[in-house]
Amino acid sequence: VQLQASGGGLVQEGGSLRLSCTASGHPVSRSVMGWFRQAPGKERKFVAAISWSGGTTYYADSVKGRFTISKDDAKNTMYLEMNTLKPEDTAVYFCAGDRAYQRTYIAVAYYRQPTYAYWGQGTQVTVSS
């Protein structure tokens, strides 16, 4: 199983970026998927998650209303649309996937890293002020 994150880059404050996470050997259509980020010198934190059906999404308070998680089952790819970016959004962004298929969790589980068995290599997002 491989998760390949891409789409990061340097953007000015207020700008937008779209991250992609393409999965190989793992069906995005049947799995909980999520995004986490790690700023320099800090621990990795939850950003957003999407249920296996795509019907429910979860967001960290810091990105709610600015970021949108989605997935394209036909392309086996998950996305994170990031708008109104702020310097504090600067981090390496990681995509992650649950090993289980078609599993539904209590809400808190979507925010927790142990829920996700598969991790991508990360893509750097830098927001300049």
Enquirer: Could you check whether any side-chain heavy atom of Met78 comes within less than 4.5 Å of a side-chain heavy atom of Cys95, counting everything from C-beta outward?
Expert: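 In short, these two side chains touch, coming nearer than 4.5 Å.
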Enquirer: Got Gln4 and Ser24 here, is their nearest side-chain heavy-atom distance under 4.5 Å?
Expert: no
Enquirer: Report whether Tyr93 and Leu17 are members of the same hydrophobic cluster (ILVMFWY, side-chain heavy atoms less than 4.5 Å apart, transitive linking).
Expert: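 They do share one cluster, since a chain of ILVMFWY contacts under 4.5 Å joins Tyr93 to Leu17.
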Enquirer: What's the separation between atom CZ in Phe67 and atom CG in Asp89, rounded to the nearest 0.5 Å?
Expert: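 So the gap between those two atoms works out to 4.0 Å.
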Enquirer: Are Val11 and Val47 linked, directly or through intermediate hydrophobic residues, by side-chain heavy-atom contacts shorter than 4.5 Å (ILVMFWY only)?
Expert: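 As far as the 4.5 Å side-chain criterion goes, Val11 and Val47 are connected within one cluster.
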Enquirer: Taking Thr77 for the side chain and Lys75 for the main chain, is one N or O donor matched with an acceptor at less than 3.5 Å?
Expert: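 Yes; judged by distance alone, with no hydrogens or angles, the pair exists.
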Enquirer: Could you measure the distance from the OG atom of Ser128 to the CG atom of Leu85? Nearest 0.5 Å is fine.
Expert: 10.0 Å
Enquirer: Any luck finding a side-chain donor-acceptor pair between Gln124 and Thr126 under 3.5 Å?
Expert: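 There is such a pair between these side chains.
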Enquirer: What are the two closest heavy atoms between Ser31 and Ala100, and how far apart are they?
Expert: OG-O, 3.6 Å
Enquirer: Which distance, rounded to the nearest 0.5 Å, do you find between the OG1 of Thr56 and the CD1 of Ile50?
Expert: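 It comes to 8.5 Å.
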Enquirer: NZ of Lys64: more than 12 outside heavy atoms within 6.0 angstrom?
Expert: yes
Enquirer: Out of Tyr105, Trp52, Tyr118, which one pairs with Asp98 under the side-chain hydrogen bond (donor to acceptor under 3.5 Å, both in side chains) rule?
Expert: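 With Asp98 as partner, side-chain hydrogen bond (donor to acceptor under 3.5 Å, both in side chains) holds for just one option, Tyr105.
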Enquirer: Heavy atoms, side chains only, cut-off 4.5 Å: are Thr68 and Leu80 in contact?
Expert: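 When only atoms from C-beta onward are counted, Leu80 and Thr68 do not touch, as no gap falls below 4.5 Å.
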Enquirer: Evaluate the side-chain proximity of Glu13 to Pro87: yes if any heavy-atom separation is below 4.5 Å, no if none is.
Expert: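 Contact flag for Pro87/Glu13 side chains = yes.
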Enquirer: Show the nearest heavy-atom pair for residues His26 and Tyr101, with the distance to one decimal.
Expert: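 What the structure gives for the nearest pair is CE1-CE2, 3.9 Å.
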Enquirer: Give me the atom names and distance for the closest heavy-atom approach of Leu3 to Gln121.
Expert: O-OE1, 3.5 Å
Enquirer: Is it the case that one hydrophobic cluster holds both Met33 and Phe94, taking links as side-chain heavy atoms less than 4.5 Å apart, direct or via other members?
Expert: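 No, it is not one cluster - the side chains of Met33 and Phe94 are not joined through contacts under 4.5 Å.
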Enquirer: Look at the side chain of Asn83 and the backbone N and O of Gly15, then say whether any donor-acceptor pair between them is shorter than 3.5 Å.
Expert: no
Enquirer: Drop me the distance from Lys45's NZ to Arg37's CZ, to the nearest 0.5 angstrom.
Expert: 8.5 Å
Enquirer: How many angstroms lie between atom OG1 of Thr115 and atom CZ of Arg103, to the nearest 0.5 angstrom?
Expert: 9.5 Å
Enquirer: Inspect the surroundings of CD in Gln2 and state if more than 12 heavy atoms from other residues, nucleotides or ligands are less than 6.0 Å away.
Expert: no
Enquirer: Using modelled atom types and a 3.5 Å cut-off, is there a donor and acceptor pairing between side-chain atoms of Arg44 and backbone atoms of Gln38?
Expert: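 It does not hold such a pair.
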Enquirer: Please give me the minimum heavy-atom distance between Val28 and Lys71, naming the atom from each residue.
Expert: O-NZ, 2.8 Å
Enquirer: Pick one: which of Trp35, Phe46, Tyr59 meets ring-ring contact (aromatic ring centres under 6.0 Å, His included) with Tyr111?
Expert: Phe46
Enquirer: Looking only at heavy atoms, what is the nearest atom pair of Ser51 and Gly55, with distance?
Expert: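 Looking at all heavy atoms of both residues, the shortest contact is OG-N, 3.3 Å.
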Enquirer: Mind checking the OG-CE spacing from Ser16 to Met82? Nearest 0.5 Å is all I need.
Expert: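 Output value for this atom pair is 8.5 Å.
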Enquirer: Looking only at non-hydrogen atoms, find the nearest pair between Tyr110 and Ile106 and report the distance.
Expert: CD1-O, 3.6 Å
Enquirer: Would Tyr116 and Phe36 satisfy ring-ring contact (aromatic ring centres under 6.0 Å, His included), going step by step from the backbone distance to the final call?
Expert: CA-CA 11 Å; Tyr116 305 88; Phe36 290 76; 5.3 Å; yes
Enquirer: Can you tell me if Arg66 uses its side chain to pair, donor with acceptor, with the backbone of Ser62 under 3.5 Å?
Expert: yes
